[in-house]
J.: 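First the structure, which I've put down as C-alpha cells, then a few questions once you've had a look.
Every number for a ligand or one of its atoms is a count from 1 in the order of the listing. Atoms considered below: every heavy atom in the structure, side chains included; atoms not considered: hydrogens, waters and symmetry mates.
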Amino acid sequence: MDIITSFPEGFMWGASTSAYQCEGAALEDGKKENQQDVINREIHNEYGYADCSVTTDHYHHYKEDVALMAEMGFTSYRFSINWARVLPDGIGSPNPKGVEFYHNLIDELKSHNIEPVVTMWHYDLPMATVERGGWGTRAIIEEFEYFARFICKEYGSKVKYWLTINEQSIVVNYIDRKNKITKEQQYNPKFRYQANHYMNLAHAKAAITIHELVPEGLCGAALDMAPYYPHSCDPKDIMAAKNANAFKNDFYMDAYIKGVYTPSVIKYLERQGLMFEIEEGDMEVIKQGSRCFDFLGINYYQSQCVKAPTPGAARRSKQNNKIGKGGNVTYEIQPDLFEGCLNETIGATDFSMPVDPMGLQYVLEDIHDRYHIPTMICENGFGAYDKLESDGTIRDPYRIEYIREHIKAMKAAIANGAKVIAYNPWSAFDLLSTSNGIAKRYGFIYVDRTDDDVKECKRYKKESFYWYKNVITTNGRNLE
Ligand code: BGP
C-alpha cells in the first residue's frame, strides 16, 4: 500500500449541519411550519427534548458561526435549505426574507473562501406538502422538482456542490420517525418502498435539473453508509451480511449511480409481497438521473453486524437511542433476510453507537472498487455529553480520538485509490440531535443552552476546535 502523508491537493475540510436542527426561527420572517417543527414539538411534549423553535439559533448567529468556521480553516461547509423557509407552501410564492437568508449565508461563506455544499432535503418537508400527501403520492416528484428548480436558479451561480436527499435509506427504514405520515401509511408494509420509488424519481429529476441549470454544478446525494459484517464465518451469516449490504446499501447506490434496482432486493420484495408500483417511463427517468450523478455523499458513523435471521421473526428497526453506555439496544430484523446483533470486537459511544474507524476505510474502498465514483464525507462524528467548565473550556478528547481515527481510515482508503473529495463531519457546531435532544452534542463549537433553557446560545470553542484547526492547517499531516 502506498503511504500518503497528506491529503490530495484541493481536498476540502469542513463540517456539516442541517437546517431544522440548527436554525431555529421556526416561524420567523415568513417561514411556515415543516414536518420536523411538528414532529419535534411532539417529541418535546413526550420526552422534554428541545423543539425546533430555537435549536441553536443559527438563523441569528450565522455570521458568528461562519467566522468561527473560517477560524478553524474550513474550506467547505455542508448545510441544508429549509424548504418551508424559501417556499413556505412547498410550491408557489417564495418568501423573500427566507430566500435572502441563504444568499447571505452563502455570500458570507464565500467571502471566507468556504465552498458551500447544499443539501436540498434533510427530512423537513413543508407541512403544506405533507398535507398534499408528502412522499406518499406521485405528486411529490413534481413538487420536489419545483423546489430544486427554484433553488438552482436562485443560488446556482454561487453553489457548485449539491446533494438532493439526505440519508434516503434511513428515511425509508424509519419512515414514520422521519416523516409526518398517517397511521394507515405507517402500518402499510408496502408504503416505505413505494415512497422510496418516488424519492428516487424526485432525486433523478433534481439531478437532471442541477445539470441543466447550474453551470459546472455537481450532483450528489448523502447516504447513511454502514458496512454489514457477518457475525461468524458460518455461510448462513455470510449470506445474511451479503443480503443486508444489498438491502440497506446497494439498493440505494444502484438507483443513484447505475439507474437500476438491485435484482436480489427486488426478488426479495416480490417474495414478501412488498413490491412497489413502477409506471411506464419511470426507470428511464431514474436512468437519466444516474447519468447526472457526479459524487456520492457518505454519512458514516458506525458499522453493523448481522447473522442469519431467526425463522418467522417479524420486522424490527434498530433502536439505539436509549441513553447510557451499551444501554438497551434492540437489533434490526429484516424477515427471512438478516438479523442484527452485537459485534463484540468493537466498542461503543455513551449512546450505544459502535465505533469502527476501519469500517469507513472498508466503505470508501468498496464503493470506489465497485462504482468508480468520487465520494465526499458528508457526516461522521461523535455524539456525547460535553461539559462547559467554569473557565469557558470544553474538554472533548473522546471526539478528537474518534475523528482522528476516522481521518486516518479515510487516508488509508485514499492511499488504496479511493477518490475522496472532502471531509465534512457532523457537526460544525452543536445542534439538536434527531433522537436525543440538545444534550447529545457533536459540534466543534459548543452552544450554551440546555433542553430546558435556551439561554443566549453563546458560542464556545471546544478542545476539538483547536485540534481540528491544526489538522486542516497541516492538510492532515498532523494526526498524532
Ligand atoms: C444522521 C442525520 C443527522 C444527524 C446525525 C446524528 O443520521 O443525517 O441529521 O442528526 O445522524 O444523529 P443523532 O442526532 O440522532 O445523534
J.: Given Val171, Asp224, Thr434, which has its nearest heavy atom closest to atom 13 (P) of ligand 1?
T.: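 Ranked by closest heavy atom to atom 13 (P) of ligand 1, first place is Thr434.
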J.: Considering non-hydrogen atoms of the protein only, which is the closest contact for atom 7 (O) of ligand 1, and what is the distance?
T.: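 Protein heavy atom at minimum distance: Glu167 OE1, 2.5 Å.
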J.: Under 4.0 Å, heavy atoms only, figure out whether ligand 1 is touched by the backbone of Tyr301, its side chain, both or neither.
T.: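 Near ligand 1, Tyr301 shows its side chain, while the N, CA, C and O stay back.
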J.: Indicate whether any N or O donor in one side chain lies under 3.5 Å from an N or O acceptor in the other, for Asn166 and Asn299.
T.: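 On atom types as modelled, these side chains qualify, holding a pair under 3.5 Å.
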J.: What protein heavy atom lies closest to atom 6 (C) of ligand 1? Include the residue and the distance to one decimal.
T.: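 For this ligand atom, the closest protein heavy atom is Tyr442 OH, 3.4 Å.
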J.: Is a salt bridge present between Lys387 and Glu389, judged by a nitrogen-to-oxygen distance below 4.0 Å?
T.: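 Salt bridge flag = yes for Glu389 with Lys387.
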J.: Does the structure place the NZ or CZ of Arg85 under 6.0 Å from the centre of the six-membered ring of Tyr59, at an angle of no more than 45° from the ring's axis?
T.: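 The answer is yes; both the distance and angle limits are met.
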J.: Is it the case that atom NZ in Lys455 sees more than 12 heavy atoms from other parts of the structure closer than 6.0 Å?
T.: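 Count over threshold, so yes.
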J.: Taking the six-membered ring where the residue is Trp, are the ring centres of Phe444 and Phe429 under 6.0 Å apart?
T.: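 No: the rings miss the under 6.0 Å criterion.
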J.: With a cut-off of 4.0 Å, which atoms of ligand 1 are near a heavy atom of Ser433?
T.: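 Selected atoms, number and element: 13 (P), 14 (O), 15 (O), 16 (O).
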J.: Does Glu456 have more than 12 heavy atoms from other residues, nucleotides or ligands lying within 6.0 Å of its CD?
T.: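 No, not enclosed.
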J.: Can you tell me if Met353 contacts ligand 1 (heavy atom of the residue under 4.0 Å from the ligand)?
T.: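 No, Met353 has no heavy atom closer than 4.0 Å to ligand 1.
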J.: Using a strict cut-off of 4.0 Å, indicate which atoms of ligand 1 neighbour a heavy atom of Tyr123.
T.: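 This gives 2 (C), 7 (O), 8 (O) as the contact atoms.
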J.: Counting from 1, what ligand 1 atoms have a heavy atom of Ser435 closer than 4.0 Å?
T.: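 Taking each heavy atom of Ser435 in turn, ligand 1 has 13 (P), 15 (O) under 4.0 Å.
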J.: Which atoms of ligand 1 sit under 4.0 Å from any heavy atom of Asn166?
T.: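 In order of number, 8 (O).
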J.: Could you work out, for atom 11 (O) of ligand 1, the closest of Glu379, Gln21, Lys440 by heavy-atom distance?
T.: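 When every heavy atom of Glu379, Gln21, Lys440 is considered, Glu379 comes closest to atom 11 (O) of ligand 1.
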J.: For atom NZ of Lys205, decide whether the heavy atoms of other residues, nucleotides or ligands shown that lie under 6.0 angstrom number more than 12.
T.: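 12 or below, so no.
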